[in-house]
2 protein chains.
Amino acid sequence: MSLRIALLGLLTAAGPASGYDLTKLFESSISNAWQARHSQIYPELNKMAAEGLITVEEKGPRGRKTYAITDEGAHELRVWLIEKGPSRSYRSEGVLRAFLLPTLEPHEAAALLRAEAASYGVRLAELEAIRAAKSSWKEPGFGHHALDLGIRQTRLMRDWAEETAAEIEGTTRS
Amino acid sequence: MSLRIALLGLLTAAGPASGYDLTKLFESSISNAWQARHSQIYPELNKMAAEGLITVEEKGPRGRKTYAITDEGAHELRVWLIEKGPSRSYRSEGVLRAFLLPTLEPHEAAALLRAEAASYGVRLAELEAIRAAKSSWKEPGFGHHALDLGIRQTRLMRDWAEETAAEIEGTTRS
DNA sequence: TATTGACGTGTCACTTTTTACATGTCAATC
DNA sequence: GATTGACATGTAAAAAGTGACACGTCAATA
């Protein structure tokens with residue numbers, strides 16, 4: 001369901017696009033919240049087209065198919081956004097890892113937290129570079145808000161890791 | 001893989017436990033980062049036992065099986081934590097939803113962001129109540145750090161939603 | 001002209017996760 | 001004594017997601 005909703009959202013925000021375009025868009029925008037490979041996207045687009053949520057226009061020359069959202073598709077997206085209650089589905093291997101670090105010796109955990117923090121720091125710099133170089137979207141603000149959220153989350157992870165490492169080190173050498 | 005690692009982590013932190021216990025532990029601790037139903041946990045425990053990562057002790061009276069981590073299991077967890085590079089796998093239906101809000105009319109998006117913010121506020125209060133009532137873990141600090149991270153993330157979402165709503169409203173009534 | 005790399009779509013096998021069904025025990029309350 | 005609810009474990013079908021394979025185009029560069 002989420003994949004389908006994400007695709008409808010991208011088609012709304014970016015206008016008609018091919019599966020290839022959508023795969024790239026996924027990667028460059030929504031990947032902060034959801035991932036999908038082309039091997040999942042292409043079949044889903046075909047299903048959605050069959051169900052009338054999007055239209056297909058085959059125009060090549062490279063066999064390219066351009067998809068556009070239909071009123072029905074827009075309605076589905078709208079209903080999902082408005083009527084669906086707060087979602088619980090959340091998965092983060094990074095948080096899981098951070099969560100499990102205390103199963104190591106304190107000094108090891110602290111070291112890994114420092115490494116994690118550094119890694120999040122790098123990621124943070126990348127995201128901020130993207131924001132600085134911000135290219136335009138068809139729908140203004142769409143990518144902007146999401147990127148802002150991604151930056152905040154990454155900063156949070158970095159700071160949490162840093163502070164938790166400091167806390168563990170403090171407790172250890174009491 | 002992540003499920004198995006999470007289970008090994010729980011067995012390390014909480015000591016020997018049944019599938020039932022682990023299901024509850026999952027819910028009450030790691031669910032901030034990963035979710036698993038009993039229908040996934042039970043078969044996985046059986047597989048892990050067959051592979052020697054955990055031991056089983058059938059002792060009833062209700063057919064209860066108690067699992068305990070083996071040295072091999074502890075090693076697997078350790079290797080995963082230390083040797084695995086920074087993970088990318090991250091999915092959040094909540095973030096996805098927030099991301100897609102701009103596909104709505106600004107006033108609708110702002111209204112939904114306010115609702116989201118309120119929802120995160122409630123969740124935040126729940127988490128803080130849990131922290132306040134903090135019961136003890138076998139492994140001290142294990143649950144504590146994770147809970148802290150969860151609280152920070154929830155607060156971040158709430159604040160982001162609130163601020164983004166304000167921003168959209170500000171832009172709209174220019 | 002040959003190669004390379006972005007463009008472009010697809011399938012298939014496998015793993016992971018969800019949802020629903022299925023079964024039974026034990027302790028406490030009605 | 002019957003019901004209820006926490007305890008306790010499982011299976012099976014379906015959906016979602018991953019990784020690898022497979023095919024073919026077009027433009028630019030070596």
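Chain letters run A, B, ... following the sequence lines, proteins first and then strands; every chain starts at 1. Since the structure is predicted, the reported quantities are computational estimates derived from the model, not experimental observations.
Rounded to an integer number of Å, the gap from Ile5(A) CD1 to dA16(D) P is 11 Å. For Tyr67(A) and dG10(C), the OH to C1' distance is 10 Å, given to the nearest whole Å. The interatomic distance linking Lys47(A) (NZ) with dT11(C) (C1') rounds to 14 Å, in whole Å. Rounded to an integer number of Å, the gap from Glu58(B) CD to dG10(D) C1' is 12 Å. Atom pair Arg62(A):CZ and dG8(C):C1' shows a separation of 7 Å (rounding to whole Å applied).
Nearest heavy-atom pair across Leu81(B) and Leu100(A) is CD1-O, 3.6 Å.
Defined by atom type and a distance below 3.5 Å, a donor-acceptor pair is missing between the side-chain atoms of Thr66(B) and Glu57(B).
Between Lys24(A) and Glu27(A) there is no salt bridge, since no side-chain nitrogen of the basic residue lies less than 4.0 Å from a carboxylate oxygen of the acidic one. With respect to the salt-bridge test (charged N to carboxylate O, under 4.0 angstrom), the residues Arg4(B) and Glu51(B) qualify.
When side chains are defined from C-beta on, Glu163(B) counts as touching Asp159(B), because their heavy atoms get closer than 4.5 Å.
For the segment residues 33-45 of chain A, the set of residues with a heavy atom within less than 4.0 Å of an atom of DNA chain C comprises His38(A), Ser39(A), Tyr42(A), in numerical order.
Between Tyr20(A) and dT9(C) there is no side-chain polar atom (N or O) within less than 4.0 angstrom of OP1 or OP2. For Lys24(A) and dA6(C), the shortest distance from a side-chain N or O to OP1 or OP2 is not below 4.0 Å. In terms of phosphate contacts, Arg64(A) brings a side-chain nitrogen or oxygen within less than 4.0 Å of OP1 or OP2 of dG8(C). For the pair Arg91(A) and dT17(C), the criterion of a side-chain N or O lying under 4.0 Å from OP1 or OP2 is met. Taking 4.0 angstrom as the limit, Arg4(A) places none of its side-chain polar atoms (N or O) nearer than this to OP1 or OP2 of dA15(D).
With sequence neighbours left out, Asp21(A) forms a salt bridge (charged side-chain N to carboxylate O under 4.0 Å, His left out) with Arg64(A).
The side chain of Lys65(A) sits closest to dG10(C) out of dG10(C), dC26(C), dG10(D).
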Check the pair Gln153(A), Tyr120(A) against side-chain hydrogen bond (donor to acceptor under 3.5 Å, both in side chains), reporting the backbone distance first and the verdict last.
CA-CA 10 Å; Gln153(A) 289 190 323; Tyr120(A) 283 115; over 6 Å; no
